[in-house]
Amino acid sequence: MKAIVVTDQAAGTAGMKLVERPEPQPSINDVVVQVYASGFVNTELDWPSTWTDRLDRDRTPSILGHELAGVVSALGYGTTGLSVGQRVFGLTDWYRDGTLAEYAAVEARNLAPLPDDVDFTVGASLPISGLTAWQGLVVHGRVLAGQRVIAHGAAGAVGSMVTQLACELGAYVIGTGRAADRQSALDFGAQEFVDLETDALENVRGVDLVFDVIGGDIGKRSAGLIRAGGTLVSVVGPPEARPADGLAVDFVVESDRAQLSEIVQRVRDGRLRTNIGNVSTLDDAVAAFNRTERRKGKTVIRARP
Ligand SMILES: NC(=O)c1ccc[n+]([C@@H]2O[C@H](COP(=O)([O-])OP(=O)(O)OC[C@H]3O[C@@H](n4cnc5c(N)ncnc54)[C@H](OP(=O)(O)O)[C@@H]3O)[C@@H](O)[C@H]2O)c1
């Protein structure tokens, strides 16, 4: 099968190669998915799990990508809950060969059914951004109606989901980003926008929850905006500063079938809008990930038309 692999950590996205690899075999409790569409985030190239296995042994050449939508083509020994021919989508294990390929072996529990009226491209765009927003706001942040939420990077993949979901949950959302992102953030439902390059973030006060997708100086300054009892949720590593009288949480997203189903239902009924930018074929994927100009929205790779 065709797959995109990396072998050289120093090369960045320039080291991505389209090669022929053996089709994966399903292990116990796995399914093999014929991939129709998949997603990839550039930061994967920095994650240890892309390069080594759980015992820290070299696992290259590793197939990139951890989001997929496709059709189940085989079941492993003892696999229940999914069937051959079923449309599915989900988030795959960080340490296994991934989804920028024609087939991927995935634990069945990491997948959810993809309804017939949801396109594979849409399905592949949802797992990381949707689950990260859900887990940060609902599971870790426990956001409540009426609370004030800062959604950093509100026009980005995760931030746009955070903005929409927080609005649906009844929060007052202050989106942030660059000047060019203002309208997009407001269109996703943010009530206010802070341009991080020119506005004073410190003017925003009494915040119950900051959802940080940027980190660094922005993360540090954000801790001071949180009121007593509030929470700083980070998806970019442990916060360098913590709220004086609140909680700081950092986490890595996990797959969850029930949450995937909640997310896709919201896309079907219009409560959540996806943020898809470029759609490329597997043959063009390496070039798509190596463009130098800034691209809006998520890149989705179609492994099949
Ligand atoms: N821990 C986890 O489980 C988890 C899950 C998902 C994502 N993440 C991480 O979260 C981060 C964001 O992911 P994403 O997919 O949402 O990325 P993205 O689509 O690029 O969104 C980030 C947004 O923030 C903006 N931004 C970044 N730095 C900024 C700054 N200094 N000032 C103003 N705006 C800034 C970006 O604008 P520009 O495009 O102009 O820079 C973009 O609009 C990544 O580091 C990713 O690895 C972690």
Side-chain angles (χ1 to χ4, degrees), residues 12-13 41-47 128-143 147-167 169 171-253 275 277 292-299:
T13 51
V41 289
N42 281 14
T43 47
E44 263 180 50
L45 296 171
D46 302 323
W47 304 341
I128 290 187
S129 55
L131 289 170
T132 302
W134 187 282
Q135 289 163 21
L137 286 172
V138 178
V139 180
H140 303 298
R142 301 181 181 207
V143 71
Q147 291 191 327
R148 283 163 66 80
V149 170
I150 290 185
H152 280 316
V158 175
S160 58
M161 289 286 164
V162 171
T163 301
Q164 295 178 87
L165 198 53
C167 288
L169 295 168
Y172 181 91
V173 180
I174 301 139
T176 81
R178 301 185 201 278
D181 297 327
R182 176 183 298 273
Q183 196 52 50
S184 175
L186 297 175
D187 290 346
F188 281 117
Q191 277 94 344
E192 284 177 38
F193 183 80
V194 175
D195 170 355
L196 293 173
E197 290 166 326
T198 57
D199 299 337
L201 183 59
E202 285 67 21
N203 287 344
V204 184
R205 288 274 152 202
V207 177
D208 297 283
L209 188 152
V210 172
F211 200 122
D212 187 18
V213 303
I214 298 176
D217 184 50
I218 300 293
K220 271 195 251 174
R221 288 161 59 199
S222 297
L225 313 177
I226 295 173
R227 68 170 187 73
T231 308
L232 172 61
V233 175
S234 166
V235 293
V236 284
E240 290 176 49
R242 308 174 74 87
D245 193 12
L247 288 175
V249 182
D250 73 287
F251 74 100
V252 173
V253 63
N275 190 4
T292 47
E293 78 271 23
R294 183 177 185 243
R295 304 201 76 138
K296 291 267 181 204
K298 189 167 179 67
T299 296

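Numbering starts at 1 and runs along the sequence shown.
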Q: Could you tell me which non-hydrogen atom of Asn275 sits nearest to which non-hydrogen atom of Ala155, and how far apart they are?
A: ND2-O, 2.9 Å
Q: So, for Val194 and Ile174, which heavy atoms are closest and what is the spacing to 0.1 Å?
A: CG2-CG2, 3.7 Å
Q: Roughly how far apart are Ser160 OG and Asp187 CG, rounded to 0.5 Å?
A: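 Between atom OG of Ser160 and atom CG of Asp187 there are 11.5 Å.
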Q: Just by distance, do the side chain of Asp250 and the backbone of Pro239 share a donor-acceptor pair under 3.5 Å?
A: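 No; zero donor-acceptor contacts below 3.5 Å.
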Q: Closest approach of Arg148 and Val204, non-hydrogen atoms and distance?
A: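 So the two residues come closest at NH2-CG1, 4.1 Å.
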Q: With no hydrogens and no angle check, is any side-chain donor or acceptor of Asp208 less than 3.5 Å from a backbone partner on Gly230?
A: no
Q: Quick one: CG on Asp212 to OG1 on Thr176, what's the gap to the nearest 0.5 Å?
A: 8.5 Å
Q: Taking all atoms of both residues into account, what is the closest heavy-atom pair of His152 and Val213, and its distance?
A: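 Result for this residue pair: O-CG2, 3.4 Å.
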Q: Yes or no on side chain to side chain contact (heavy atoms under 4.5 Å, CB included) for Val139 and Gln135, after CA distance, side-chain angles and deciding distance?
A: CA-CA 5 Å; Val139 180; Gln135 289 163 21; 4.2 Å; yes
Q: State, to 0.1 Å, how close Leu186 and Glu192 come at their nearest heavy-atom pair, and which atoms those are.
A: CD2-C, 4.1 Å
Q: Restricting to pairs with a member in residues 194-203, which pass side chain to side chain donor-acceptor pair (under 3.5 Å), not counting sequence neighbours?
A: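 Sorted pair list: Arg178-Glu197, Asp195-Thr198, Glu202-Arg221.
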Q: Donor-acceptor pair, distance only, cut-off 3.5 Å: does the side chain of Arg242 make one with the backbone of Leu232?
A: no
Q: Donor-acceptor check, side chain of Gln191 to backbone of Val173, threshold 3.5 angstrom: yes or no?
A: yes
Q: In terms of relative ring orientation, are His140 and Phe251 parallel, tilted or perpendicular, with 30° and 60° separating the classes?
A: tilted
Q: Kindly indicate whether the side chain of Val236, heavy atoms from C-beta on, has any atom under 4.5 Å from the side chain of Ile214.
A: no
Q: Taking all heavy atoms of Leu45 and all of Gly12, pick out the closest pair and write down the distance.
A: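 Of all heavy-atom pairs spanning Leu45 and Gly12, the closest is CD1-C, 3.6 Å.
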Q: Which distance, rounded to the nearest 0.5 Å, do you find between the CG of Leu137 and the OG1 of Thr132?
A: 10.5 Å
